[in-house]
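Accompanying notes for the structure given below.
FYI, side chains are in, hydrogens and waters are out, and symmetry mates aren't considered; it's all heavy atoms of this structure.
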Amino acid sequence: MRFVCFLILFFSTDLFASDRELPVGTFRGVSFLLEKNGVSIFSNKDVHYNKSTLQITKVSSHIYDFTFTVYLQLTSDSKALNDTRIDRYKVIWASDTMGALINQREEYDKEISEFLLSANIFTIKSLVSTSGIIETQTYKIE
């Protein structure tokens, strides 16, 4: 009987989980933070100018492409840095508002990422490889 209850719970959870989707579109960056051992080592507060966007495109059922574009200038006199990175993630939902992002790019498949959707904010927190640095990025969903 317990096994039957488990099967019902498993299939109903799987059924509802398939209804959840990440928001798609282009979202404005609100903040970023790099920390190690709980101590901030670099954030948007440490730069003169910062502009970032995240574009999310749905590829298939639980697969999404994320295009991260970052433009920042450390000081008013320094050269601006610009970078774009495209990653493909498999989304695994843990609840209605949070889950894990599994990077499908082989060179980044050791990175552990999780996300949180709350109100109009999308937050991604990633453990960057073996460096021990945790990167948190926050975007406004409009």
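- The salt bridge (charged side-chain N to carboxylate O under 4.0 Å, His left out) contacts involving residues 123-139 comprise nothing, where partners must be two or more places apart or lie in separate chains.
- At least one side-chain heavy atom of Leu117 sits less than 4.5 Å from a side-chain heavy atom of Leu22.
- Summarising the local packing, CD of Glu106 is surrounded by 12 or fewer heavy atoms from other residues, nucleotides or ligands at distances under 6.0 Å.
- In this pair, Phe66 and Phe68 present their aromatic rings tilted. The plane angle is within the 30 to 60° band.
- For the atom pair Ser76 OG and His48 NE2, the distance stands at 5.0 Å (nearest 0.5 Å).
- The NZ atom of Lys90 lies 6.5 Å from the CD1 atom of Ile63; values are rounded to the nearest 0.5 Å.
- Residues Leu54 and Val91 fall within the same hydrophobic cluster, defined by Ile, Leu, Val, Met, Phe, Trp and Tyr side chains chained together at heavy-atom separations under 4.5 Å.
- Taking the side chain as every heavy atom from C-beta outward, Asp83 and Thr69 never approach each other to under 4.5 Å.
- A distance of 5.5 Å separates CD1 of Ile124 from CD of Gln137, quoted to the nearest 0.5 Å.
- Here salt bridge (charged side-chain N to carboxylate O under 4.0 Å, His left out) pairs that include residues 63-75, with residues two or more places apart or in two chains, are Asp65-Arg88.
- Think of Ile133 as one node in a network of Ile, Leu, Val, Met, Phe, Trp and Tyr side chains linked at under 4.5 Å; its network also takes in Phe32, Leu34, Ile41, Phe42, Val47, Val70, Leu72, Leu74, Leu81.
- A ring-centre distance under 6.0 Å is not found for Phe122 and Phe27.
- Contacts classified as salt bridge (charged side-chain N to carboxylate O under 4.0 Å, His left out) and involving residues 51-60 (residues at least two apart or in different chains) are given here: Glu21-Lys58.
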Distance-only donor-acceptor hits, side chain of residues 97-105, under 3.5 Å, sequence neighbours excluded:
from   : atom 1 : to     : atom 2 : distance (Å)
Asn103 : OD1    : Arg105 : N      : 2.9
Gln104 : NE2    : Ile102 : O      : 2.9
Arg105 : NE     : Glu107 : OE2    : 3.1
Arg105 : NH1    : Ile86  : O      : 2.7
Arg105 : NH1    : Asp87  : OD1    : 3.0
Arg105 : NH2    : Glu107 : OE2    : 2.6

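- Using a 4.5 Å heavy-atom threshold, the side chains of Thr138 and Ile121 count as touching.
- Residues Tyr139 and Thr53 approach most closely at CE2-C, 3.9 Å, considering heavy atoms.
- Ile141 and Phe115 end up in the same hydrophobic cluster when Ile, Leu, Val, Met, Phe, Trp and Tyr side chains are linked at under 4.5 Å.
- Hydrophobic side-chain contacts under 4.5 Å tie Leu33 to no other Ile, Leu, Val, Met, Phe, Trp or Tyr residue.
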